[in-house]
Amino acid sequence: MNDFRIKTDVLVIGSGIAGSMAALTLADAGVDVTLLSAGEDLFACNTELAQGGIVFHSPEDDPVKLEHDILTAGWKQNYRRAVCYLAHKGPEVLQKTLIDAYKVPFAHRAAADWYFTREGGHGIARILYAKDHTGLTIMQQLAEAVSKRPNIRVLTNRTAIDLLTTHHHASHLDFKYNLMDQCVGAYVFNEPLNQVEIILADFTVLATGGAGRIYLNSTNSNHAIGAGLSMASRAGAKLYNLEYVQFHPTTFYQGAKRFERRFLISEAVRGEGGKLINGTGEAFMTRYDQRADLAPRDIVTRAIMAEMLRTGDDCVYLDTTHGMRNEVAERFPTIYGKCLEYGIDMRTTPIPVVPAAHFFCGGVLVDTRGRTTLERLYAAGEVSCTGVHGANRLASTSLLEGMLWGYSAGQDIAKRLGKKWKLTKKLMDNIPEWQNPGDIQNEDPALIAQDWATIRHTMWNYVGIIRSTARLRRAFEDLRTLSKNMHDFYRQTPISKPIIDLFHGCQTAYVVTQAAMRNKQSLGCHYRVD
Ligand code: SIN
């Protein structure tokens with residue numbers, strides 16, 4: 001295996017809304033960017049799967065009302081400065097970028113006369129949408145814009161292995177003794193060539209998305225395995241709020257289908273009048289919260305779990321057969337089509353639903369410019385912790401957050417780039433080639449599948465919707481043993497994508513579990529029964 005070096009001004013790892021926005025903002029400022037995707041194209045991300053919409057401002061809205069709803073959903077564990085930044089600056093940047101520059105066709109009556117929808121926890125309708133495929137529509141426009149920028153080099157089928165830092169990788173003692181650790185790029189696996197590339201960058205932006213796929217049941221894309229969290233934790237960047245894993249209340253219940261992505265039934269369906277009912281047809285949510293079906297997600301999720309426990313049923317149902325029945329096919333074509341594939345006509349039959357892991361409220365700690373605690377490293381989107389979400393995220397704020405922090409990171413880097421921040425030749429020459437661990441060919445898909453099964457069951461059963469000291473301790477011990485066994489077993493195995501992913505997933509599960517053990521307060525998405 002030969003090593004290969006690339007030098008770029010900025011390396012963006014991840015191609016969803018945050019990564020693409022960072023790359024476009026930098027490219028428009030004349031900066032050369034290398035944008036990595038783990039898949040075949042830019043669509044290998046959670047953004048593509050987002051159904052509901054993106055928070056904007058409707059005529060009767062104002063930033064203070066939005067701040068209030070975000071803080072209430074987040075149990076006031078939010079960072080107020082970040083919330084204020086999102087509420088004031090978010091809609092302005094959305095207008096300038098997604099609407100004016102990238103022409104995303106959000107639903108509208110006439111030019112700039114938008115339709116707004118509502119979701120759980122929102123006091124008013126303020127969410128822009130494109131039917132029930134808002135994320136896909138945004139990604140189509142962003143991908144087209146990226147393809148027109150000659151200064152964005154897109155590298156697909158690339159999996160980042162580790163961030164390069166001066167403390168960990170530079171061999172010269174001058175860099176080791178310097179108090180300031182700096183990120184200078186990443187080791188990246190080029191899957192088609194089976195080769196590790198060294199990508200050196202003046203600045204690096206982590207935009208790898210979330211980690212829902214470390215859970216047995218999740219709405220997330222296959223790529224959401226916590227790659228960025230795992231690399232940032234090894235590099236020594238500060239991670240925060242990892243215990244706040246949001247479970248979406250309504251995903252299609254397919255029985256015991258294992259390890260497949262759970263199909264999301266957007267909260268906008270409830271926003272437009274859908275009602276949760278139990279097996280006897282009772283609309284049970286009013287028994288749990290006066291906001292009923294539009295209570296924040298953590299509350300609705302726990303109400304569904306309590307109702308399933310009470311009735312002994314495997315799921316509850318989302319009823320769209322009254323009131324909205326004539327509009328569902330037109331308003332929610334993706335959901336309608338998928339339900340039909342599964343044999344449910346949502347115009348006449350309630351949809352069976354269960355909760356599944358959906359969104360990481362915590363992540364790599366960043367300020368409002370997207371800077372992390374590691375010099376030259378930025379983070380944006382779900383991999384980051386901006387403080388906006390606190391202990392539980394308000395619906396449809398994640399696309400806005402990814403867009404705003406991708407844009408802000410791009411702006412901040414473009415301002416800083418210059419002679420002072422150029423990597424020196426001495427530093428670049430100091431970054432060693434990737435050392436292949438060895439050539440013992442013991443990679444076995446059955447073993448990898450079993451290790452993933454252990455991670456996913458452990459997280460779902462012990463670090464899931466309802467947690468306890470005993471469950472968390474058990475998860476911690478099992479994951480520590482698994483991690484040790486994996487390190488022993490793969491010590492001399494040639495690197496491959498399945499092995500990189502497995503190590504990222506295992507490390508992420510471990511740090512999430514540690515965070516959950518440390519936080520004794522039961523709040524929001526971190527619900528402890530003891
Ligand atoms: C949904 O459509 O319910 C998901 C949107 C979100 O996670 O904010």
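Both counts, for ligands and for their atoms, begin at 1 and track the order of listing.
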Quick check on contacts: which atoms of ligand 1 are under 4.0 angstrom from a heavy atom of [X]?
| X | value |
| --- | --- |
| A395 | 8 (O) |
| E267 | 1 (C), 2 (O), 3 (O) |
| H358 | 4 (C), 6 (C), 7 (O) |

Under 4.0 angstrom from ligand 1, any heavy atom of H248?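 Yes, H248 has a heavy atom closer than 4.0 Å to ligand 1.
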Quick check: [Y] with [X] (ring centres under 6.0 Å apart)?
| X | Y | answer |
| --- | --- | --- |
| Y215 | F247 | yes |
| W405 | Y85 | yes |
| Y342 | F252 | yes |
| F359 | H389 | yes |

Pick one of side chain, backbone, both or neither for how R297 approaches ligand 1, counting any non-hydrogen atom pair under 4.0 Å.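 Contact part for R297 vs ligand 1: side chain (C-beta onward).
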Polar-atom distance check: R393 versus ligand 1, any N or O pair below 3.5 Å?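 There is such a contact, yes.
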N or O pair under 3.5 Å between I265 and ligand 1: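 Between I265 and ligand 1, no N or O pair is found under 3.5 Å apart.
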Are E243 and R518 close enough for a salt bridge, meaning some N to O gap below 4.0 Å?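 Judged by the 4.0 Å cut-off on N to carboxylate O distance, E243 and R518 do not form a salt bridge.
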Should D61 and R126 count as an ion pair when the cut-off is N to O under 4.0 Å?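 Between R126 and D61 there is a salt bridge, with a charged N closer than 4.0 Å to a carboxylate O.
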Side-chain (H457) to main-chain (A453) donor-acceptor, under 3.5 angstrom: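 At least one qualifying donor-acceptor pair exists.
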Which residue and atom name correspond to the protein heavy atom nearest atom 8 (O) of ligand 1, and how close is it?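 Among all protein heavy atoms, the one nearest atom 8 (O) of ligand 1 is S396 N, 2.7 Å.
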Protein contact to atom 2 (O) of ligand 1 [nearest heavy atom, distance to 0.1 Å]: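 Atom 2 (O) of ligand 1 sits closest to the protein heavy atom S266 OG, 2.6 Å.
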